[in-house]
Amino acid sequence: MIVKKGIVVLDFGGQYTQLIARRIREQEVFSAILPCNAKLEEIRRYDPAGIILSGGPSSVYDKDAPVCDPEVLRSAVPVLGICYGMQWMAHTLGGNVQPAERREYGRAQLEREGESKLFNGVPRSLRIWNSHGDHVVGLPSGFVVTGRTANAVAAIENAAAKLCAVEFHPEVLHTEFGTEILQNFVFAVCGATKNWDRAGFIGETVAAIQRQVGDARALCALSGGVDSAVAAALVHRAIGDRLTNVFVDTGMLRKNEYQDTLELLRKRVGLNVDGVDASKRFLSRLEGVTDPETKRKTIGADFIAVFAEEARKLSEQSTNGAGKIRFLVQGTLYPDVIESVSVKGPSATIKTHHNVGGLPKDMPFELIEPLRDLFKDEVRRIGRELGLPEEILVKHPFPGPGLAVRLIGEITRERLDTLRAADAVVVEEIRNAGLYEKVWQAFAVLLPVRSVGVMGDGRTYGDTIVVRVVDSQDAMTADWSRLPREVLEKISTRVVNEVAGVNRVVYDISSKPPSTIEWE
Ligand code: XMP
């Protein structure tokens, strides 16, 4: 989607690039992410009011340091460089950048200098989240310093050329007045006006789906999560009962999830949902499998096979009715789309995520991806406007392979029941403490490790449950939640008392990176 007069973010491979684009959209101004090496014509198609150069892990002196077309800096469109974006801007315009050994992040204090539209209404001294990497030590001609930290020049600009740059990250919440700085860039420096309106989004998307589908039928695989539910609700609004949804019980869902989700989506959202209990098939195929990637691949392949079977059945049933199913609905989000075009290219496979994208070639579906321009928080808001129940909208993300990747070692019905029971306690206590909507995810993991304990007067040799609760904004990075001790205590006591066979509970205090959120 192209909305003109928004902000184009050129991606140098920084971990916060998506966050920059989201922050701009929070101002109701359209933003799109393009790889830094996007051609000028591609950038011009957006007719941007402004351009932001993202941060990135490189040094401008690296052999294959990422670069933009330098014309970007001469096109009279205002540019804000952030972190690496600042260094690249300074370096390219003839300034002097001093290389550093390695890049680190941390807090620093910014002291402003002079006046700058970028800092309208911002105090003279503020706490920022800085990147300790290369530093600008000599300014390009026409530039002045607008801020410093104890160590370095931290903000520069050439107001006449509408170029400004900061070494710190205004997009992260740890930077005080970061939102104001981005707002100043968008409105005061670029003169953008609000052009990203969610109410308009629903109407336009529904009309576009109606044009695309005509009087054909569509199919959607529901996962029980937010994205597929919102995608289904949008398509349902467009084509009504010509949308059929399929929800597969893999046998690895959370406690009561299959029945509760079916009921919620059928009764409260009014969706036409086929429930398919395929748990026997999934569990028998997983017998003896312990390797995480084999688990993921086996489940992914099975899921696609089950879904394809359902699609064939439904299509055959309908040949003398309203016509074959020609469309497949997917809840693909903007981050998935950017991932495949980013400068880094498709990121290295750390874990094989599954969705129904890998359907057999003989299934001639066209895709409908109504959310492919949205971020998760935007999807939640759209869902709310469509009247979806809060239970679905605030639900924690759940991996496609389900509990299989939270049960380390071999998957058996018995072990799944143990994990399900422990997981239900963790989630319930997090809810009771009023934390469910504050944390990103909260769940239990079952280890293949037994340990000695004592219960009553007897020795036990029981299972270990890990409690995993993390804070995150986008799952790209995450930190373990500093839960109150009383909550941890309650969880631990209840799990040991209520879940047969478990005598030990541990809390996972690893952040991502270097760990991941899930254990497999
Ligand atoms: P990791 O474990 O990689 O997870 O830090 C990041 C986020 O992705 C979720 N996740 C998945 N979601 N299919 C999904 O739709 C999957 O296969 C999958 N694996 C992990 C995970 O719960 C976390 O929110």
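Residue indices begin at 1 and follow the sequence shown. Both counts, for ligands and for their atoms, begin at 1 and track the order of listing.
Which parts of ligand 1 touch Arg296 is read off a 4.0 Å heavy-atom cut-off, strictly below it: atoms 16 (C), 17 (O), 18 (C), 19 (N), 20 (C). For ligand 1, the atoms lying closer than 4.0 Å to a non-hydrogen atom of Lys512 are 1 (P), 3 (O), 5 (O), 6 (C). Close contacts between ligand 1 and Pro401 involve ligand atoms 16 (C), 17 (O) [criterion: under 4.0 Å to a heavy atom]. Residue contact check: Trp440 has heavy atoms under 4.0 Å from atoms 24 (O) of ligand 1. Residue Thr516 has at least one heavy-atom neighbour below 4.0 Å for each of these atoms of ligand 1: 1 (P), 2 (O), 5 (O).
Scored by the ring pair (Phe, Tyr, Trp, His ring centres under 6.0 Å) test, Tyr436 finds His396 as partners (sequence neighbours excluded). Applying the ring pair (Phe, Tyr, Trp, His ring centres under 6.0 Å) criterion to Tyr16, with sequence neighbours excluded, gives His169.
Classification of the Trp88-Phe12 ring pair by plane angle, with boundaries at 30° and 60°, yields tilted.
The line from OG1 of Thr261 to CG of Leu253 is 7.5 Å long, rounded to the nearest 0.5 Å.
An N or O contact shorter than 3.5 Å is missing between Arg406 and ligand 1 by distance. Distances between N or O atoms of Gly400 and those of ligand 1 include at least one value under 3.5 Å. Annotation: Ile517 places an N or O atom under 3.5 Å from an N or O atom of ligand 1; distance criterion only.
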List the steps and the verdict of side-chain contact (heavy atoms from CB on, under 4.5 Å) for Val235 and Ile368.
-> CA-CA 9 Å; Val235 177; Ile368 305 179; 4.3 Å; yes

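Relative to the ring axis of Phe398, Arg254 places its NZ or CZ within 45° and under 6.0 Å from the centre.
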